[in-house]
Amino acid sequence: QVQLVESGGGLVQAGGSLRLSCAYSGLTFGWYVMGWFRQAPGKERELVADINWSGGTTYYADSVKGRFAIFRDNTKNTMYLQMNNLKPEDTAIYYCASGPRGSTAPKDFGSWGQGTQVTVSS
């Protein structure tokens with residue numbers, strides 16, 4: 001059984017930084033991709049970034065390119081999202097998720113964490 005637990009959210013001023021962590025267990029080596037999604041009030045859940053098992057392949061939404069970095073440490077069973085130069089429009093609940101290789105839409109990801117709130121004040 002896959003378990004994902006996020007941490008690291010909080011309140012930060014615009015221009016500040018936060019690092020989110022996702023501790024995972026129950027994932028089988030190689031077959032899956034892991035991602036960070038976010039959902040703001042009244043908006044659909046969107047993929048922010050994803051990463052394959054080895055960490056060699058990553059994807060970023062245009063809105064976060066150059067500001068966010070996704071990486072993982074498989075020795076610690078943890079994935080991270082480093083968020084720099086945060087903007088008020090980054091305010092959302094951030095979710096960690098895992099799914100089969102090739103997953104891109106929320107419906108493709110079968111396992112989800114509980115979410116962590118990120119609030120960026122102007």
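The residues of the chain are indexed from 1 along the displayed sequence. All values derive from a computational prediction rather than experimental measurement. Quick note: numbers below take in every heavy atom, side chains included, and nothing from hydrogens, waters or symmetry partners.
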Rounded to the nearest 0.5 angstrom, the OG-CG distance for Ser121 and Leu11 is 5.0 Å
message: Can you tell whether the side chains of Asp90 and Lys87 come within less than 4.0 Å, N to carboxylate O?
response: no
Nearest heavy-atom contact between Pro88 and Ala14 is CD-CB, 4.1 Å
dist Ile70:CD1 -> Asp50:CG (nearest 0.5 Å) comes out at 6.0 Å
Are Phe37 and Leu27 linked, directly or through intermediate hydrophobic residues, by side-chain heavy-atom contacts shorter than 4.5 Å (ILVMFWY only)? no
- Stepwise side-chain contact (heavy atoms from CB on, under 4.5 Å) test for Asn52 and Arg101: CA-CA 8 Å; Asn52 69 341; Arg101 260 185 246 171; over 6 Å; no
Note to self: For residues Tyr60 and Val118: do they belong to one hydrophobic cluster (side chain heavy atoms under 4.5 Å, members Ile, Leu, Val, Met, Phe, Trp, Tyr)?
What the structure shows: yes
To the nearest 0.5 Å, atom CD of Gln82 lies from atom OG of Ser21 at 9.5 Å
Review point. Does one hydrophobic cluster hold both Leu47 and Ile93, with members joined at side-chain heavy-atom distances below 4.5 Å?
Key: yes
### Query
Would Val48 end up clustered with Leu20 when hydrophobic side chains under 4.5 Å apart are linked, directly or stepwise?
yes
Requested in this report: Quick one: do Asn84 and Ser17 satisfy side chain to side chain donor-acceptor pair (under 3.5 Å)? Show the steps, please.
Outcome: CA-CA 4 Å; Asn84 299 324; Ser17 298; 3.0 Å; yes
To the nearest 0.5 Å, atom OH of Tyr24 lies from atom CG of Asn77 at 5.0 Å
Q: Start with the C-alpha distance between Trp53 and Tyr32, add both sets of side-chain angles, then the distance that settles ring-ring contact (aromatic ring centres under 6.0 Å, His included), and finish with yes or no.
A: CA-CA 7 Å; Trp53 167 262; Tyr32 63 90; 5.4 Å; yes
Measure from the side-chain N and O atoms of Asp73 to the backbone N and O of Thr78, and report whether any donor-acceptor pair falls under 3.5 Å. no
Sorted by chain and residue number, the ring-ring contact (aromatic ring centres under 6.0 Å, His included) partners of Tyr59 (sequence neighbours excluded) come out as none
Practice task
Quick one: do Met83 and Arg67 satisfy side-chain contact (heavy atoms from CB on, under 4.5 Å)? Show the steps, please.
Solution key: CA-CA 6 Å; Met83 305 185 294; Arg67 301 188 298 121; over 6 Å; no
Relative to each other, are the rings of Phe68 and Tyr94 parallel, tilted or perpendicular (30° and 60° limits)? tilted
For Glu89, the side-chain hydrogen bond (donor to acceptor under 3.5 Å, both in side chains) test, sequence neighbours excluded, returns none
Is it the case that the side chain of Gln117 and the backbone of Gly9 share a donor-acceptor pair, with hydrogens and angles ignored and the cut-off at 3.5 Å? no
Notebook entry, point to check: Any side-chain heavy-atom pair from Met34 and Arg72 closer than 4.5 angstrom?
Noted result: yes
Do Arg45's NZ or CZ and the ring of Trp112 fall within the cation-pi criteria of under 6.0 Å and 45°? yes
Taking every heavy atom of Ser103 against every heavy atom of Gly99, the minimum-distance pair comes out as OG-C, 3.6 Å
Q) Side chain of Glu6, backbone of Thr116: donor and acceptor closer than 3.5 Å? A) no
Nearest heavy-atom approach of Arg38 to Ala92 is CB-CB, 3.8 Å
Check your understanding: Should Val33 and Pro100 count as side-chain neighbours, where that means a heavy-atom distance under 4.5 Å?
Key -> no
The reported gap from CE in Met79 to CD1 in Ile51 (rounded to nearest 0.5 angstrom) is 8.0 Å
Nearest heavy-atom approach of Leu86 to Leu18 is CD1-N, 3.9 Å
All heavy atoms of Val2 vs all of Ser98, minimum pair found to be CG1-OG, 3.9 Å
Applied to residues 72-122, the disulfide bond (SG atoms under 2.5 Å apart) test, sequence neighbours excluded, yields Cys22-Cys96
Smallest heavy-atom separation, Gly35 atom then Phe109 atom, equals N-CE2, 4.1 Å
*Treat each ILVMFWY residue as a node, draw an edge where side-chain heavy atoms are under 4.5 Å apart, and state whether Tyr80 and Val12 are in one component.*
no
Minimum side-chain heavy-atom gap Glu44-Gln39 below 4.5 Å:
no
To the nearest 0.5 Å, atom CZ of Phe71 lies from atom CZ of Arg19 at 3.5 Å
